[in-house]
Amino acid sequence: MDDEVRRLWRAHVKARFTLAADAEHLSPGEFAAIMREGEMRANELITNLMRVAAGRGESVQELLADPVVREQLRTVGADAAGGVFDDDALDRELGALSWLT
């Protein structure tokens, strides 16, 4: 993983955890704006994951199956989420991106 992917992953996880915590306090307009911003950030993340995977001669799925890459994503995810970020949390967040691919 490169620094750009780590930065984008951290922002993605942090935003999703913040949104989950604050959703009931947001107006519909605020919620919609946050969702649009999240979609743009997710697209940028996927584009960068594709770039890294292509540089390694792999698909994104192969890249994300690499145990070293998964550990790096878990570590960054735990930092962004402010706590434990296990395989289930990692798979849930990666699944949230899958509809964009």
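Keep in mind that this is a model prediction, so the values were computed, not measured.
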Gap separating the CG atom of Leu8 from the NE2 atom of His12, nearest 0.5 angstrom: 10.5 Å

Within-4.5 Å side-chain heavy-atom neighbours: Val5 and Val76: no

Asp79 side, atom CG; Arg6 side, atom CZ - distance, nearest 0.5 Å: 12.0 Å

Pairwise side-chain contact, Ile46 with Val60, heavy-atom cut-off 4.5 Å (strictly under): no

Stepwise side-chain contact (heavy atoms from CB on, under 4.5 Å) check, Asp87 with Arg70: CA-CA 8 Å; Asp87 277 331; Arg70 289 183 65 83; 3.6 Å; yes

Considering all heavy atoms, the nearest Phe85-Val13 contact: CE1-CG1, 3.8 Å

Salt-bridge contact Asp3-Arg10 (side-chain N to carboxylate O under 4.0 Å): no

Met50 side, atom CE; Leu45 side, atom CG - distance, nearest 0.5 Å: 11.5 Å

Basic-acidic side-chain contact under 4.0 Å: Glu44, Arg7: yes

Donor-acceptor pair, side chain of Glu71 and main chain of Val68, under 3.5 angstrom: no

Glu93 side-chain N/O to Leu90 backbone N/O, donor-acceptor pair under 3.5 Å: no

Derivation and outcome, side-chain contact (heavy atoms from CB on, under 4.5 Å), residues Val69 and Arg74: CA-CA 9 Å; Val69 170; Arg74 271 193 303 275; over 6 Å; no

Separation between CG of Leu49 and CD of Glu4, rounded to the nearest 0.5 Å: 10.5 Å

Atom pair CD/CE of Glu30 and Met35 - distance to nearest 0.5 Å: 14.5 Å

From Trp9 atom CH2 to Lys14 atom NZ, the distance as rounded to the nearest 0.5 Å: 15.5 Å

